[in-house]
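Just so you know, ligand 1 is whichever comes first in the structure, and atom 1 is the first atom listed for that ligand.
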Amino acid sequence: MPGRLLRGLWQRWRRYRYRFVPWIALNLSHNPRTLRYVPEESKDKVISDEDVLGTLLKVFQALFINDFNKQSDILTVLPEPVKSKYQDLLSVQHLRVKHLEYSHEEQNTFKPEEILYKTLGTVYQKYEPIFFQSIGNPFIFRCLDGVLIDGNDKGISKVVYRSCNGRDRLGPLKMSDSTWLTSEIHNPLAVGQYVNNCSNDRAANVCYQEFDVPAVFPIELKQYLPNIAYSNDKQSPLRCVVLVALRDIKQGEELFSNYYTIVS
Ligand SMILES: C[S@@+](CC[C@H](N)C(=O)[O-])C[C@H]1O[C@@H](n2cnc3c(N)ncnc32)[C@H](O)[C@@H]1O
């Protein structure tokens, strides 16, 4: 009897096609009018992986250069060509800043959100034993292949993330960002987990798109990736989820995504 029940639950879970785990369904009313239907898996992506990668590299590089003075430990372990690339980029940036009338001109550093604004404008973009972290956790995102991403900044989820973050360090090089668990965030794009669900009155203005961090991702920029693998298995790429704007979004507008995406 329990075996049949478990098999039944397993089959239902395999058919489950929503973006967040079932706790959300208990929490939020299920509105068929706001469901997002995707006819096939290959059509789920709104923009190409190359565009996502290009955008992330652009922002992370700008964040790294802005924080260059504090990156000296990392620079010592980077290969010479990478170091000189940043020296060149830095001198170009200094020239640009000199021409700008800006309150931060003297100190030459900006807040992470200012870097985002200067780099992009207004655009926004976080498996194994997850049972205890998942109970009542409305922040667990479910990828199309069943990989789960826990974006909760509290409780066991926070402890697990911090522990994995410490595990994966290579000397001074951090392999992921944990500042989104604090009030001093280094990567202003790491806010996707706080986006609410759309409704009849408030249509979705962003959508979720899965992105696997390629092996060629610059090691010095991994410190801005707000995700980390639960298991130290280097075979699988790191899965991230970015939020892609569906239209121009003005400053101050709340972001709404669609939790109920059905991919046939
Ligand atoms: C991924 S979290 C979103 C961020 C959350 N609102 C917060 O403040 O941290 C999902 C939870 O947000 C709430 N939520 C999301 N969209 C909502 C909506 N349209 N109306 C009311 N509550 C919503 C529900 O409690 C849901 O379980």
Side-chain angles (χ1 to χ4, degrees), residues 12-13 16-38 44 46 52 112-113 116 122-128 130-162 164-165 176-211 225-230 238-247 249-263:
R12 287 188 68 164
W13 175 242
Y16 189 80
R17 281 281 171 264
Y18 299 139
R19 282 309 201 180
F20 283 85
V21 287
W23 317 114
I24 294 265
L26 301 173
N27 234 335
L28 286 176
S29 60
H30 195 170
N31 183 350
R33 280 176 60 191
T34 60
L35 286 180
R36 176 176 171 248
Y37 287 98
V38 177
D44 189 46
V46 175
V52 174
E113 55 272 29
L116 180 65
T122 315
V123 183
Y124 283 85
Q125 103 158 144
K126 275 201 206 271
Y127 100 94
E128 297 118 311
I130 198 170
F131 183 72
F132 289 111
Q133 299 96 297
S134 79
I135 298 172
N137 183 348
F139 293 88
I140 297 184
F141 183 94
R142 189 179 180 281
C143 297
L144 295 177
D145 61 2
V147 168
L148 301 173
I149 299 178
D150 185 359
N152 196 344
D153 58 4
K154 297 184 185 69
I156 312 183
S157 305
K158 182 173 172 170
V159 175
V160 169
Y161 189 92
R162 283 228 159 105
C164 296
N165 180 257
S176 63
D177 170 38
S178 60
T179 62
W180 60 276
L181 297 166
T182 71
S183 55
E184 295 257 317
I185 57 164
H186 289 180
N187 174 7
L189 292 175
V191 293
Q193 68 277 29
Y194 304 120
V195 173
N196 282 327
N197 191 33
C198 63
S199 61
N200 288 345
D201 307 327
R202 297 179 296 186
N205 47 17
V206 290
C207 75
Y208 299 108
Q209 184 165 316
E210 297 170 23
F211 175 70
L225 291 171
N227 288 28
I228 198 159
Y230 176 79
L238 178 67
R239 174 71 49 79
C240 291
V241 174
V242 298
L243 280 169
V244 180
L246 296 171
R247 59 169 174 79
I249 297 169
K250 296 196 183 71
Q251 194 174 348
E253 265 192 88
E254 181 172 349
L255 300 184
F256 290 102
S257 58
N258 199 317
Y259 290 8
Y260 299 101
T261 299
I262 296 186
V263 183

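- If you number the atoms of ligand 1 from 1 as listed, the ones under 4.0 Å from a heavy atom of Val195 come out as 3 (C).
- If you take CG on Leu225 and CG on Asp177, they are separated by 8.5 Å, rounding to the nearest 0.5 Å.
- Residue contacts with ligand 1: Tyr259 is included, with a non-hydrogen atom under 4.0 Å away.
- Considering backbone and side-chain N/O of Asn197, one or more are found under 3.5 Å from N/O of ligand 1.
- Every side-chain contact (heavy atoms from CB on, under 4.5 Å) that Leu181 has, sequence neighbours left out, goes to Asp153, Lys158, Tyr161, Arg162, Ser178.
- Using a 4.0 Å cut-off between heavy atoms, Gln193 contacts ligand 1 through its backbone alone, with no side-chain atom that close.
- The only option from Leu243, Val241, Val244 that meets the side-chain contact (heavy atoms from CB on, under 4.5 Å) definition with Gln209 turns out to be Val244.
- In this view, Glu184 and Thr182 satisfy the side-chain contact (heavy atoms from CB on, under 4.5 Å) rule, not counting sequence neighbours.
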